[in-house]
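Heads up, the thing below is written out as structure tokens.
Since this is a predicted model, take the numbers as computed values, not measurements.
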Amino acid sequence: MTQPIRVLIGKPGLDGHDRGAKVIAYGLREAGMEVIYTGIRRSPEQIVSAAIEEDVDIIGLSILAGAHMELVSRILKLLRKNKADDIKVILGGPIPKKDIEALGKMGVAKVFTAGMKMAEIVDSIRRLARTQISE
Amino acid sequence: MIDKVIKDAAAGSKRSLARIITWVENRSPEAPMILKEIYGKSGNEFSVGITGAPGAGKSTLIGALTEVLLGRGFRLGIIAIDPTSPITGGAILGDRVRFMDLSGRDAVYIRSMGSRGYRGGINRALIDVVRVLGAFGYDFVIIETVGTGQNEVDISMAADLTTLVMVPEGGDEIQLLKSGSTEMADVFLVNKTDHVGADILISRLRDLQQLRGAKSEVFGTIAKSGEGIEAFAGFLQKQHQSFRKERRWIPRRKKRLRWEIANLMEYEIADRLRKLLDQNQDCLDSLVEKIIADHSSPYVAVDEFSRDIVNGFENRLTGNRIAGKT
């Protein structure tokens, strides 16, 4: 039996526009993944502690309001602090090009901006996921 | 490596506990070893199934209940089960959203599980995950199940006590008498008692409990505001206390153990057999030749081949019963 990839989808910070996150959540479910949907206005602490308890492969963050550098940095720090930095972090939102490189250096595995196709996202997640079929 | 993970989990690492739960849920190679190791430490957890139709307010109820029980000093595990798509194998596990405030509290552990295709039958992994939480110090394990309202027969296998949550809008009394959900519920809880029809529903449910000869009350709550939650929590606390006194062997747990033994026997043996067949292809080839040479059939060939084994099995099973021990 192949184990489903587990992805946590959350929106940290104050932005409440969750349509994008929901579209992704449904898309991942269609692709056979288990999506732990944690909703809007979550603190980095809540997201990280949920990700740890749920033993997810990937944390998918949706940040539309521009606070991505700060929020992502806090989340990555918390993951490291809890020895959970093997959980990969991906980010979706209108991220300026200049920030994408910096985010990559910080430790973000991939950034998805508008226009990327669901299939592309699913494919990226599959490759990033810790869970290998051989396990 | 596994020993270290167990040790870390026992020392309070949720990360390690999460890994253990994943291994157990996925039936990984690590799982049998871990389960054998922790079994002796499990059993003190009291598991409560919370079931009911979507919209009944189960998640909100669990959130409120957890706060109260935390206040009384208990450690709680919460397992939230959502349906896995039978088509894609994926799931949206969205129960956790409704109790995100509980995230990060040391005395609470929340895990979301997909039903992963087990609908009529119990997901065996659920029983083991409950045990794992018990082994690592959680007093209560609350299980929120897929809420169809009419097909919840499996939860009573995994939970020590099953609560059916209903709302006044949930239909007329005929609904109540339908088998399945009401049959296997130990406790009825009417949520949203501020809605019209609540009193009537509660009264009908009390009648039904009397008909069944059940002793427990019917609870009324407004989970959103917290009304009635203290009373329900108090009831669960009493159940937990009396359960602790009797230790682990209440009739339902015996039933669960029996189910597990039969299931393990079936599963383990089938698995062994499959592996042996894989490794002994030439035996199968020779059976094929024999069937052709003897003009017989697969049925005859297999019967002849396995008769001794099956008889041996039967002797073992009946012998055990007569001898009275394993």
Rounded to the nearest 0.5 angstrom, the OH-CD1 distance for A:Tyr26 and B:Ile92 is 5.0 Å

Test salt bridge (Lys or Arg N to Asp or Glu O under 4.0 Å), reference A:Glu53, set B:Arg105, B:Arg96, B:Arg111, output is B:Arg96

Turns out that what part of A:Glu30 lies under 4.5 Å from chain B's heavy atoms comes down to both

Here the gap from A:Thr38 atom OG1 to B:Leu93 atom CG, rounded to the nearest 0.5 Å, amounts to 11.5 Å

Assess whether a salt bridge exists between B:Asp8 and A:Lys83, defined as any Lys/Arg side-chain N lying under 4.0 Å from an Asp/Glu carboxylate O. no

B:Glu266 atom CD, neighbour heavy-atom count above 12 within 6.0 Å = no

task = Taking only Lys NZ, Arg NE, NH1 and NH2, and the carboxylate oxygens of Asp or Glu, determine whether B:Lys14 and A:Glu54 approach each other closer than 4.0 Å.
result = no

| said: Is there a side-chain contact (heavy atoms from CB on, under 4.5 Å) between A:Glu34 and B:Met113? Walk through the geometry before answering. | reply: CA-CA 8 Å; A:Glu34 287 181 345; B:Met113 290 174 74; over 6 Å; no

Greatest number of non-hydrogen atom pairs under 4.5 angstrom with chain A, of B:Ala91, B:Ala80, B:Ser13, B:Ala18, falls to B:Ala91

Under 4.5 Å to a heavy atom of chain A? For B:Asp101 that would be both

### Task
Flag yes if more than 12 heavy atoms outside A:Leu14 fall under 6.0 Å of its CG atom; otherwise flag no.
no

When rounded to the nearest 0.5 Å, the distance separating CD1 of A:Ile36 from CG of B:Asp82 is 10.0 Å

In terms of heavy-atom pairs under 4.5 Å with chain B, the winner among A:Ser49, A:Ala25, A:Ala50 is A:Ala50

In terms of heavy-atom pairs under 4.5 Å with chain A, the winner among B:Ser112, B:Gly94, B:Gly89, B:Gly104 is B:Ser112

Value for CG (B:Leu17) from CD1 (A:Ile52), rounded to nearest 0.5 Å, stands at 11.5 Å

CG of A:Asp55 to CD of B:Glu25, rounded to nearest 0.5 Å, is 9.5 Å

Minimal heavy-atom distance between B:Thr88 and A:Arg29, with the atoms involved, is OG1-O, 2.9 Å

